[in-house]
Amino acid sequence: MKYGNRYRETMETITEECRLTLSKVNPESVDEFVNVLLAAEKVFFIGVGRVMLSLEAMAKRFAHLGVNTVCVGQITEPAITNADALIVGSGSGESVIPVSIAKIAKKYGAKIIYIGSNPESTMAGMFVRIPARSKLYLEDETESVQPMTSLFEQSLLLFGDTVAKLIIDKNNINIKELWQCHANLE
């Protein structure tokens, strides 16, 4: 098999899945998300597996924009307070560790933001729905030719980058000047 011959077709299918999924995100939930994000003293992120990798990339980008971000579990993690927010990524909204962490954060009065596909999740807090295929196979989720929850993880990453661009535009940030916030010990 010549993989190069199928590359363009496969790439176009995957990027179309991402475009379709992100076009279904409710703009009002984006407004609420950005407002909570920018009002919080610290923004914590929790997910598992590849979802956490997408959230770590989101946290890094938001940190470049001046948001005080923390990935749950990092060695320098401070205490969460009622002035903070916790962003929970989970397609199903029922992943054990994120749900447990959200319950603890709620106990301390932090705002909980659940980003996922399941509107019936037991997760408390505000909800940004990215209706990508989850393990629940909900009827209105975007179908995907990709394995497992790849579409959700990709859409989550692109959602974060889209929000970052909205913040850049809102604050008139010069993109060239962002390099001074980039890691320089590399």
Side-chain angles (χ1 to χ4, degrees), residues 18 21-63 65-74 76-142 149 151-167 170:
C18 290
T21 301
L22 289 169
S23 73
K24 296 176 183 178
V25 173
N26 181 336
E28 291 174 10
S29 70
V30 175
D31 288 341
E32 190 175 2
F33 177 83
V34 175
N35 288 333
V36 169
L37 176 76
L38 295 178
E41 284 185 15
K42 297 182 297 296
V43 180
F44 292 74
F45 295 79
I46 186 66
V48 294
R50 288 168 40 115
V51 169
M52 190 61 193
L53 294 175
S54 294
L55 289 171
E56 287 174 342
M58 187 186 298
K60 178 73 170 181
R61 182 63 69 225
F62 292 164
L65 303 177
V67 177
N68 185 359
T69 62
V70 179
C71 292
V72 173
Q74 71 186 46
T76 56
E77 177 185 340
I80 196 165
T81 72
N82 63 359
D84 302 327
L86 174 70
I87 296 175
V88 181
S90 172
S92 69
E94 300 303 332
S95 300
V96 174
I97 293 170
V99 168
S100 296
I101 297 293
K103 287 178 183 175
I104 295 168
K106 185 177 181 182
K107 182 176 93 173
Y108 288 102
K111 291 172 185 60
I112 311 299
I113 305 169
Y114 161 52
I115 305 175
S117 185
N118 183 7
E120 303 299 321
S121 168
T122 57
M123 195 82 58
M126 78 162 275
F127 178 43
V128 176
R129 184 161 195 239
I130 298 179
R133 172 63 64 224
S134 72
K135 63 185 175 185
L136 301 176
Y137 282 78
L138 300 175
E139 191 174 301
D140 63 342
E141 292 174 334
T142 303
T149 59
L151 178 59
F152 177 70
E153 295 136 15
Q154 294 157 353
S155 298
L156 180 60
L157 176 66
L158 292 171
F159 173 78
D161 283 344
T162 302
V163 168
K165 180 65 168 99
L166 294 172
I167 294 168
K170 175 189 175 291

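Residue indices begin at 1 and follow the sequence shown. Since this is a predicted model, take the numbers as computed values, not measurements.
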- Item | Leu38: side-chain contact (heavy atoms from CB on, under 4.5 Å) partners, not counting sequence neighbours | Val34, Val67, Ile167, Lys170

- Query: Under the 3.5 angstrom rule, does the side chain of Thr142 hit a backbone N or O of Pro131 as a donor-acceptor pair?
  - Reply: yes

- Query: When rounded to the nearest 0.5 angstrom, what is the spacing between CD in Glu32 and CD1 in Ile113?
  - Reply: 8.0 Å

- Does a sphere of radius 6.0 Å around CG in Leu136 hold more than 12 heavy atoms from other residues, nucleotides or ligands, not counting ones at 6.0 Å or beyond? yes

- Val72 versus Pro98: any side-chain heavy-atom pair under 4.5 Å? no

- Note on the structure: Of all heavy-atom pairs linking Gly73 and Glu77, the shortest is N-OE1, 2.6 Å

- Task: Could you note down all residue pairs passing salt bridge (charged side-chain N to carboxylate O under 4.0 Å, His left out) where residues 124-134 supplies at least one of them, sequence neighbours left out?
- Result: Arg129-Asp140, Arg133-Glu141, Arg133-Glu143

- Task: State, yes or no, whether a side-chain contact exists between Phe152 and Thr21 at a heavy-atom distance under 4.5 Å.
- Result: no

- Query: Going by heavy atoms in the side chains, are Ile115 and Phe33 under 4.5 Å from each other?
  - Reply: yes

- Hey, are the side chains of Phe159 and Val128 touching, using non-hydrogen atoms and a 4.5 Å cut-off? yes

- Least distance between heavy atoms, Pro119 atom then Leu138 atom: CD-CD1, 4.0 Å

- Task: Taking the side chain as every heavy atom from C-beta outward, state whether Val88 and Ile112 have any pair of such atoms under 4.5 Å apart.
- Result: yes

- Item | Interatomic distance, Thr81 atom OG1 to Phe44 atom CZ [nearest 0.5 angstrom] | 7.5 Å

- With sequence neighbours left out, what residues match Thr76 under side-chain contact (heavy atoms from CB on, under 4.5 Å)? Gln74

- Query: Looking at CE of Met58 and CG of Leu158, how far apart are the two atoms once the value is rounded to the nearest 0.5 Å?
  - Reply: 9.5 Å

- Would you tell me whether Ser90 and Glu94 have side-chain atoms, one donor and one acceptor, within less than 3.5 Å of each other? no

- When rounded to the nearest 0.5 angstrom, what is the spacing between CD1 in Ile130 and CG in Asn26? 12.0 Å

- Task: Might you point out which heavy atoms bring Leu86 and Ala105 nearest each other, and give the distance in Å?
- Result: CD2-CB, 3.7 Å

- Message: So Glu56 and Met52, do their side chains get closer than 4.5 Å, heavy atoms only?
- Response: yes

- Residue pair Phe127 / Ser29: nearest heavy atoms and the distance that separates them: O-CB, 3.6 Å

- Between Ala132 and Leu151 the two heavy atoms that sit nearest each other are CB-CG, 3.8 Å

- Residues, nucleotides or ligands: over 12 heavy atoms within 6.0 Å of Lys24 NZ: yes

- Query: Is the side chain of Asp84 donor-acceptor paired with the backbone N or O of Lys42 at a distance under 3.5 Å, no angle test?
  - Reply: yes

- From Leu157 atom CG to Arg61 atom CZ, the distance as rounded to the nearest 0.5 Å: 9.0 Å

- Message: I'd like to know whether NZ of Lys106 has more than 12 heavy-atom contacts from other residues, nucleotides or ligands below 6.0 angstrom.
- Response: no

- Item | Check: Asn118 side chain, Ser92 main-chain N or O, donor-acceptor pair, under 3.5 Å | yes

- Message: Can you confirm whether the side chains of Ser117 and Ser134 place a donor and an acceptor under 3.5 Å from each other?
- Response: no

- Item | Any side-chain heavy-atom pair of Ile104 and Ile80 under 4.5 Å | no

- Value rounded to 0.5 Å, distance of CG in Leu37 from OG1 in Thr69: 9.5 Å

- Check: Ser54 and Phe45 side chains under 4.5 Å, non-hydrogen atoms: no

